[in-house]
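Read the numbers this way: they start at 1 and go in the same order the structure lists the ligands and their atoms. All values below were derived from every heavy atom in this structure, side-chain atoms included, with hydrogens, water molecules and symmetry-related copies excluded.
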Amino acid sequence: MSDAASETIYLKDYTEPHHWVRDVHLTFRLAPKATRVLSRITFVPNAENGGDLILNGEELTLITATVDGAIVPMEVSDTHLRIKSADLPQKPFTFEAEVEIAPEDNTALEGLYMSNGMYCTQCEAEGFRKITYYPDRPDVMATFTVRVEGDYPVLLSNGNPVASGDGWAEWHDPWPKPAYLFALVAGDLVNHAGSFTTKSGKDVELNIYVRRGDEDKCAFGMQALKDAMAWDEKTYGREYDLDIFNIVAVDDFNMGAMENKGLNVFNSSCVLASQATSTDANFERIEGIIAHEYFHNWTGNRITCRDWFQLCLKEGLTVYRDQMFSGDMRSHPVKRIEEVLTLRARQFREDNGPLAHPVRPESFVEINNFYTATVYEKGAEIIGMLRRLVGDEAYRKGCDLYFERHDGQAVTIEDWLKAFEDATGRDLSHFAQWYSQAGTPRLTMSEEWTDGTLTLSFAQSTPPTPGQDEKNPQVIPIAVGLIGPNGDEVLPTTVLEMTEAEQSFTFEGLGARPVASVLRDFSAPVILQRDMDAATRAFLLAHDTDPFQKWEMGRMLSKDTLIDMITSGGTPAADYLDALKTVLSDESLDPAFRALALGLPSQDDLAQTLFDAGQTPDPQKIYEAREALRRALARHMSDILPTLFRQHETPQFKPDADGSGKRALRLSVLSLLTLLDDGEAARTLFAAADNMTEQEGSLQALLTAGLGSDELQAFEKQWKEDRLVMDKWFMMQVAFAAPDTAAATAEALTRHPAFTMKNPNRFRAVFGALTSNHAGFHHDSGAAYDLLSKNLISLDKLNPQTTARMSAAFETWRRYDSARQAKIHAQLDRMLATDGLSRDTTEMVTRILGG
Ligand code: PHE
Ligand code: ZN
């Protein structure tokens with residue numbers, strides 16, 4: 001790796017390019033080992049700054065390059081092609097080049113690569129430079145015309161089809177776009193077709209292209225796409241803008257999916273769906289991701305990012321949009337609880353460790369390392385806070401102005417906020433700090449009651465994060481409601497706007513002292529610290545009108561119980577067990593909500609909580625306490641579990657909110673029941689299940705209880721030909737293994753004939769499962785640490801991007817005892833000492849070590 005390749009890039013150094021691009025013509029002559037890429041690019045000198053023509057290019061073999069048809073002097077390095085200003089016309093000119101690349105050897109899955117015989121591209125963030133020489137930066141937007149030549153029935157690129165013949169096809173995309181949105185697909189694929197008529201009456205052809213044999217798994221995704229198109233018209237006034245919208249499923253993919261203009265490429269796990277092979281969680285995720293990529297057409301494509309520091313401009317906003325869509329399609333309360341669960345599990349974890357960074361980072365070495373929970377999930381929370389602060393109507397006005405003002409541009413967070421300032425007359429300069437200040441704010445609350453007046457006093461502070469020791473107060477919207485002693489709401493949800501380090505809010509004229517319900521709907525991504533006894537929590541669990549807070553109270557009761565069991569060997573209080581039982585049997589509550597209420601805090605969450613309280617978490621103890629609590633819950637509810645299990649049968653499978661809610665409750669109940677009946681109910685369900693949700697759920701219940709080896713074998717026999725279901729098979733046995741067998745199980749699976757390092761889904765199935773098995777990963781033998789780093793080192797040679805992301809499993813190492821810390825440290829050192837370790841992984845490991 002050359003030195004130039006591992007430089008740190010800073011936001012403050014942004015300058016415009018020396019040349020803009022007007023249009024691009026590309027011709028691809030496809031061949032696995034020697035694809036030729038011909039480019040013809042019209043450059044326009046940037047009057048602002050003039051200068052050399054600087055093109056990115058990596059792993060390319062240059063055949064020829066000319067300027068206005070003539071050979072000119074040029075410097076070609078591992079990373080760039082450069083032509084001196086003196087050798088260029090000072091007016092628009094045409095640059096032409098021919099390069100050769102080898103898609104078949106591309107295991108990094110970035111640029112043009114092959115997967116099961118099909119050609120596929122992935123250009124975000126900086127993959128286009130592995131296809132041809134180009135100013136590969138998002139502020140350079142151009143129209144693309146693409147000719148694909150190859151002996152394949154399906155030849156696709158962005159935009160509208162122009163012409164085609166035997167072995168070739170031409171595409172033209174009229175909308176100027178940055179190179180990261182370029183895509184090409186070629187192969188022997190089949191399509192599931194559909195159509196959509198936009199609100200102004202334009203007919204759009206829709207297609208989902210898949211491998212032969214997967215045709216029957218496209219209907220759900222197609223419906224989700226149509227729903228997303230209709231939703232964006234209704235909710236944001238955004239219409240689709242091409243004659244055709246194509247989605248392609250590919251098995252080998254580093255991420256979930258990619259929003260290439262008019263040609264979205266999906267990890268097959270994020271689009272293929274069927275009752276027999278997909279769980280309810282899969283259906284929900286597929287619906288959300290299809291919508292997410294579609295929504296990027298406006299938030300990301302029509303309006304894009306000026307530079308990669310602005311990534312949250314498109315990602316935070318688009319996540320927020322897909323969250324609202326999913327809430328409208330299913331249930332807002334359930335969706336919000338799920339969002340908070342992932343936010344805490346992934347973003348809070350990141351924000352409270354060595355990888356913490358602002359939603360808009362100020363520097364990076366490898367941009368691929370910044371597709372993080374912070375940029376995506378916290379980025380979405382910021383949009384939600386903004387909307388809460390300005391109100392629904394003003395939010396829509398601000399969005400409209402943003403779309404109108406910046407259509408066709410590459411912009412910044414400042415532009416986004418300015419549209420809201422102009423639309424609402426509000427000063428957002430303090431609010432803007434959410435983008436630049438890293439770390440999760442701690443919000444402490446105390447209360448005072450005198451003569452009918454309730455005073456809520458808040459104090460906020462944010463712990464230091466890497467590179468940011470000093471923190472300032474943030475603007476925090478705190479949604480509050482008051483519940484009277486008889487359980488009636490006396491103040492409906494009201495948003496308090498906190499802007500200072502300490503601030504008090506009073507509520508006057510109250511008859512009797514109410515209980516405050518604070519941070520309703522999780523109105524800000526903060527950690528609320530508030531003294532509250534179990535009785536008050538139980539009161540809110542019973543009476544709060546805000547579903548999120550209702551859930552939160554049950555959650556906190558569970559957490560307090562578990563922390564007490566872990567630290568002082570306590571046993572769960574009868575009141576707590578009763579309160580949970582009441583929720584579980586309350587038929588007025590949505591089954592999905594009841595299932596969520598029964599879910600206990602994860603082991604990782606408990607470890608972080610203990611660490612925050614100044615203690616050293618012991619993973620084995622955490623595991624044992626959690627299992628003990630599950631047994632106590634099972635015993636305490638033994639009389640209602642069988643009935644609940646029977647009641648929530650869903651004879652007709654439908655992957656909608658209602659059906660999936662019932663199955664979620666049924667399976668949480670089954671997981672407890674399995675601790676009482678030696679697995680009888682789970683075995684019966686496993687044998688009878690006609691859908692993957694129940695087949696997988698019953699098998700998980702068995703595995704968690706240390707049973708299920710016959711079922712595991714039967715599962716493999718039934719599904720060995722289905723790669724996505726086999727990922728579940730690999731995942732489950734590691735994720736639900738007992739702590740002392742997890743590493744050995746994972747190790748054995750790496751020797752299974754169906755294991756491969758080249759497929760990210762399969763690698764993640766085994767190693768993502770290992771790192772999610774908290775007590776197994778942190779088992780004091782250190783075997784899992786050793787196994788993970790060994791396999792990451794091997795994977796790094798093939799696929800740096802996935803290696804770097806997975807190395808984040810070590811980010812929590814400072815929480816643990818010195819023996820575990822030393823073991824992890826040794827593994828991180830071992831990785832860093834590896835010859836030729838990628839820039840991606842080097843940056844991650846260095847940051848995790850805190851260097
Ligand atoms: N832009 C994609 C999304 O969130 C994510 C992605 C990033 C995919 C980089 C591939 C590579 O929708
Ligand atoms: Zn996205």
Side-chain angles (χ1 to χ4, degrees), residues 106 108-113 115 120-131 136-138 158 177-185 221 224-225 228 232 245 247-271 285-305 308-326 342 346-347 359 361 364 366-380 382-383 410 760-761 764 799-806 840:
N106 182 349
L109 313 181
E110 202 184 41
L112 179 67
Y113 65 93
S115 170
C120 175
T121 55
Q122 174 50 48
C123 294
E124 184 176 7
E126 300 181 330
F128 194 74
R129 61 191 62 184
K130 294 181 166 183
I131 292 177
D136 188 7
R137 40 185 294 167
N158 315 90
K177 67 168 177 289
Y180 84 85
L181 292 172
F182 167 81
L184 175 153
V185 168
L225 175 60
D232 214 17
F245 187 85
I247 287 179
V248 177
V250 58
D251 287 337
D252 301 293
F253 200 73
N254 283 331
M255 308 279 275
M258 179 63 211
E259 70 264 23
N260 317 300
K261 182 81 188 190
L263 180 53
N264 288 1
V265 174
F266 274 64
N267 186 321
S268 52
S269 72
C270 296
V271 57
R285 184 167 141 84
I286 288 166
E287 184 177 75
I289 297 190
I290 290 196
H292 178 98
E293 307 311 332
Y294 175 74
F295 296 157
H296 268 314
N297 191 55
W298 274 95
T299 51
N301 301 4
R302 286 284 286 260
I303 305 182
T304 195
C305 304
W308 289 118
F309 295 102
Q310 319 295 328
L311 183 57
C312 63
L313 176 80
K314 73 176 177 83
E315 295 304 346
L317 177 55
T318 305
V319 170
Y320 178 73
R321 277 152 51 71
D322 84 56
Q323 289 175 345
M324 292 302 114
F325 166 78
S326 297
T342 35
R346 299 182 50 226
Q347 201 280 322
V359 171
F364 61 75
E366 172 51 63
I367 184 57
N368 282 329
N369 289 333
F370 286 85
Y371 286 77
T372 60
T374 296
V375 170
Y376 277 66
E377 262 73 47
K378 192 176 178 181
I382 298 179
I383 310 293
N761 289 0
R764 277 189 291 255
N799 185 334
Q801 202 178 320
T802 293
T803 309
R805 304 195 113 230
M806 295 206 55
D840 310 54

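With no hydrogens or angles considered, no side-chain donor-acceptor pair links Asn260 and Asn158 at under 3.5 Å.
Looking only at protein heavy atoms, the nearest one to atom 9 (C) of ligand 1 is Glu124 O, 3.6 Å. Ranking protein heavy atoms by distance to atom 6 (C) of ligand 1, first place goes to Met255 CE, 3.7 Å. Atom 4 (O) of ligand 1 has its closest protein heavy atom at Tyr376 OH, 2.6 Å.
Residues Tyr320 and Ile382 are not in side-chain contact: their nearest non-hydrogen atoms beyond the backbone lie 4.5 Å or more apart. Looking at heavy atoms from C-beta onward, Leu112 lies out of side-chain contact with Asn106 at the 4.5 angstrom threshold.
For ligand 1, the atoms lying closer than 4.0 Å to a non-hydrogen atom of Lys314 are 1 (N). Below 4.0 Å from some heavy atom of Glu259 lie the following atoms of ligand 1, by number and element: 1 (N), 2 (C), 3 (C), 12 (O). Contact atoms of ligand 1 toward Glu293: 3 (C), 12 (O) (distance under 4.0 Å to a heavy atom of the residue).
Between Gln122 and ligand 1, no pair of N/O atoms sits closer than 3.5 Å. In terms of polar-atom proximity, defined here as any N/O pair under 3.5 Å, Tyr371 makes no such contact with ligand 1. Checked against a 3.5 angstrom limit, the closest N/O atoms of Gln801 and ligand 1 fall outside it.
Closest non-hydrogen pair, Phe266 versus Asn264, comes out as CE1-CB, 3.6 Å. Summarising the geometry of Lys130 relative to Ala108, their closest heavy-atom pair is NZ-CB, 4.3 Å, with the distance given to 0.1 Å. Residues Ala125 and Asn368 come closest through the heavy atom pair N-OD1, 4.0 Å.
Between Thr299 and the options Lys314, Arg321, His292, a side-chain hydrogen bond (donor to acceptor under 3.5 Å, both in side chains) holds for only Arg321.
The aromatic rings of Phe245 and Tyr294 sit perpendicular, their planes meeting at an angle over 60°, well past the 30° parallel limit.
Residue contact annotation: His296 has a non-hydrogen atom under 4.0 Å from ligand 1.
Angle NE2(His292) to the Zn ion (ligand 2) to OE1(Glu315): 110° [nearest 10 degrees].
Metal site remark for the Zn ion (ligand 2): Glu293 contributes no N, O or S atom at a distance under 2.8 Å.
Aromatic ring centres of Phe309 and Phe370: separated by at least 6.0 Å.
Counting heavy atoms under 4.0 Å from ligand 1, residue Ala257 touches it through the backbone alone. Looking at Glu126 against ligand 1, nothing comes within 4.0 Å, counting heavy atoms.
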